[in-house]
Number of protein chains: 2
Amino acid sequence: MPRQTRQRAAIQRALITADRPLTIDEILASTRKIVPTIGIATAYRNIRRLVDEGWLTAVDIPGGPARYEITGKDHHHHFVCLVCDRVFEVPSCPSDLEKMSPAGFSLDHHEVVLYGKCADCR
Amino acid sequence: MPRQTRQRAAIQRALITADRPLTIDEILASTRKIVPTIGIATAYRNIRRLVDEGWLTAVDIPGGPARYEITGKDHHHHFVCLVCDRVFEVPSCPSDLEKMSPAGFSLDHHEVVLYGKCADCR
DNA sequence: CTGTTAATGATAATGATTTATCATTGTCAT
DNA sequence: ATGACAATGATAAATCATTATCATTAACAG
């Protein structure tokens with residue numbers, strides 16, 4: 001049966017407190033403040049498991065490595081800071097997306113990614 | 001000095017006639033109808049050069065390989081068919097993106113990707 | 001406390017995409 | 001036409017992210 005480990009607890013804590021999608025490297029950096037010896041394989045293993053269990057959702061931002069956020073958040077989009085590369089959540093959503101689909105196409109879902117500078121980097 | 005080759009001409013023709021972003025594989029498949037012996041290295045070499053020269057622009061669609069489209073088109077977005085994986089151009093753009101940026105953030109540019117079924121696949 | 005065995009950590013291996021190498025071919029200025 | 005050398009094609013090698021391996025560590029049921 002599964003066991004509770006300090007490493008997995010630290011990974012989950014990192015993702016809960018960040019409140020934004022984190023890369024593997026960000027997860028590792030954050031987690032090492034609590035468990036300094038954690039290896040990269042353990043990060044990948046736990047993330048994969050948390051995704052399989054449905055606790056995490058992968059976020060694909062073009063031009064960067066995979067990021068992960070906690071499953072079940074309200075519909076939202078993402079803002080990429082071009083300076084610090086951090087990705088933030090954006091709670092709103094464009095209102096007129098349905099009209100954008102070409103005639104004869106059926107729209108399933110959509111992604112909006114904003115690029116710019118975050119408040120810290122301006 | 002640079003020389004004109006059948007291979008490069010065929011690659012450019014493929015991208016001009018497609019009128020949508022193409023992957024390396026799509027470019028190769030299309031080009032081989034004109035120059036059947038073209039190798040993958042030549043495709044990569046020419047695409048890199050065309051990007052460096054500014055003739056091509058890379059289009060990054062999350063969860064897929066890089067695609068390339070001719071530089072200088074009017075502002076547009078993309079529609080990904082979930083069945084055939086082709087990416088199409090969408091000429092319109094959401095009107096209220098500026099309001100989406102979090103307070104204190106500055107917006108540079110944005111990407112909108114629609115997912116669904118194209119007219120052929122419905 | 002102790003034994004079982006799941007999980008870890010270090011590192012090798014993998015897979016997928018892109019780039020480098022190099023002998024050969026083809027372009028084009030002369 | 002022909003020589004210089006840019007470009008090609010086949011394939012090896014480099015990247016980069018992710019997964020597998022395996023000896024060691026540690027969680028937890030009894």
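Sequence lines set the chain letters: A, B, ... in the order given, protein chains first and strands last, and positions in each chain run from 1.
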Upstream residue (5' side of DNA chain C) when Pro65(B) and Ala41(B) are each assigned their closest nucleotide
Pro65(B)

Let me spell it out: for each of Tyr44(B) and Met1(B), pick the nucleotide of DNA chain C with the closest heavy atom. Which residue's pick is nearer the 5' end?
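The residue whose closest nucleotide sits nearer the 5' end is Tyr44(B).
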
Send over the distance from [X] [atom1] to [N] [atom2], rounded to a whole Å.
| X | N | atom1 | atom2 | value |
| --- | --- | --- | --- | --- |
| Arg45(A) | dA6(C) | CZ | P | 14 Å |
| Ile40(A) | dA10(C) | CD1 | P | 11 Å |
| Ile38(A) | dA26(D) | CD1 | P | 14 Å |
| Asp52(A) | dT18(D) | CG | P | 14 Å |
| Arg8(A) | dC28(D) | CZ | C1' | 14 Å |
| Ile47(A) | dA7(C) | CD1 | P | 16 Å |
| Asn46(A) | dA27(D) | CG | C1' | 14 Å |
| Ile61(A) | dA17(D) | CD1 | P | 16 Å |

At less than 4.0 Å, is any side-chain N or O atom of [X] found next to OP1 or OP2 of [N]? Yes or no.
| X | N | answer |
| --- | --- | --- |
| Thr5(A) | dA7(C) | no |
| Gln7(B) | dG9(D) | yes |
| Arg49(A) | dA7(C) | yes |
| Arg48(B) | dA20(C) | yes |

State plainly whether the residues Arg48(A) and Glu53(A) are in salt-bridge range, i.e. N to O under 4.0 Å.
no

Are Asp60(A) and Arg67(A) within salt-bridge range, i.e. N to O under 4.0 Å?
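A salt bridge is absent here (no side-chain N lies under 4.0 Å from a carboxylate O).
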
Can you check whether His78(B) reaches Val59(B) side chain to side chain, under 4.5 Å on heavy atoms?
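His78(B) vs Val59(B): side chains touch.
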
Whether the Thr5(A) and Arg8(A) side chains hold a donor-acceptor pair (N or O, under 3.5 Å, no angle test) is what I'd like checked.
no

Side-chain donor/acceptor contact of Arg3(A) with base of dT5(C) under 3.5 Å
yes

Parallel, tilted or perpendicular: which describes the rings of His77(A) and His110(A), with under 30° parallel and over 60° perpendicular?
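Ring orientation, 0 to 90° scale: tilted.
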
